[in-house]
Amino acid sequence: MDPTLSLKTPNTPARLAWTEIMAKKGTRKRRRSPEEIIKDLQTEIERVKARAAAKELKESAAHRAALSAVRTLDKAMETAKVEGETALAHALADSRAPLAEYLEGQGVALPKSRRPRGRRPKAS
């Protein structure tokens with residue numbers, strides 16, 4: 001590698017070109033104030049605490065079973081859609097909602113629900 005093209009050494013052609021590009025863009029690295037750094041770190045701490053709490057819940061047998069039930073309902077909805085059973089797919093989606101709401105309230109991350117699309121079939 002040509003040492004004149006290194007970005008680490010000052011005043012090389014590559015370094016000068018880089019500074020010209022950055023000057024044209026008008027983007028310069030802005031130093032954050034200590035208050036901004038503290039605020040960012042506090043939000044990161046809160047995020048880590050929430051993840052730890054969710055991990056503890058996942059270790060509970062009851063919560064593991066509930067999460068498994070949500071996943072099973074999702075699989076059943078997909079199967080019902082493939083087979084054309086829209087009424088069953090809507091019923092399964094309705095049964096998933098309260099359980100998913102509870103788990104999300106507790107901080108457990110759930111897979112995205114693929115609710116059935118289209119009109120709900122009329123009850124016979």
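Annotation for Lys81 and Ala89: closest pair CG-CB, 4.3 Å, computed over non-hydrogen atoms. The nearest pair of heavy atoms linking Asp40 to Thr43 is O-OG1, 2.7 Å.
The shortest distance between side-chain heavy atoms of Glu59 and Lys55 falls below 4.5 Å. By the 4.5 Å heavy-atom criterion applied to side chains, Arg96 and Leu92 are not counted as neighbours.
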Decide salt bridge (Lys or Arg N to Asp or Glu O under 4.0 Å) for Glu78 and Lys75; before the verdict, give the C-alpha distance in whole Å, the side-chain angles of both, and the deciding distance to 0.1 Å.
CA-CA 5 Å; Glu78 288 298 316; Lys75 289 178 187 176; over 6 Å; no
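Remark: the backbone N or O of Ser68 is paired with a side-chain donor or acceptor of Thr72 at under 3.5 angstrom.
Qualifying side chain to side chain contact (heavy atoms under 4.5 Å, CB included) partners for Ala66, counting only residues two or more places apart in sequence or in other chains: Leu99, Leu103.
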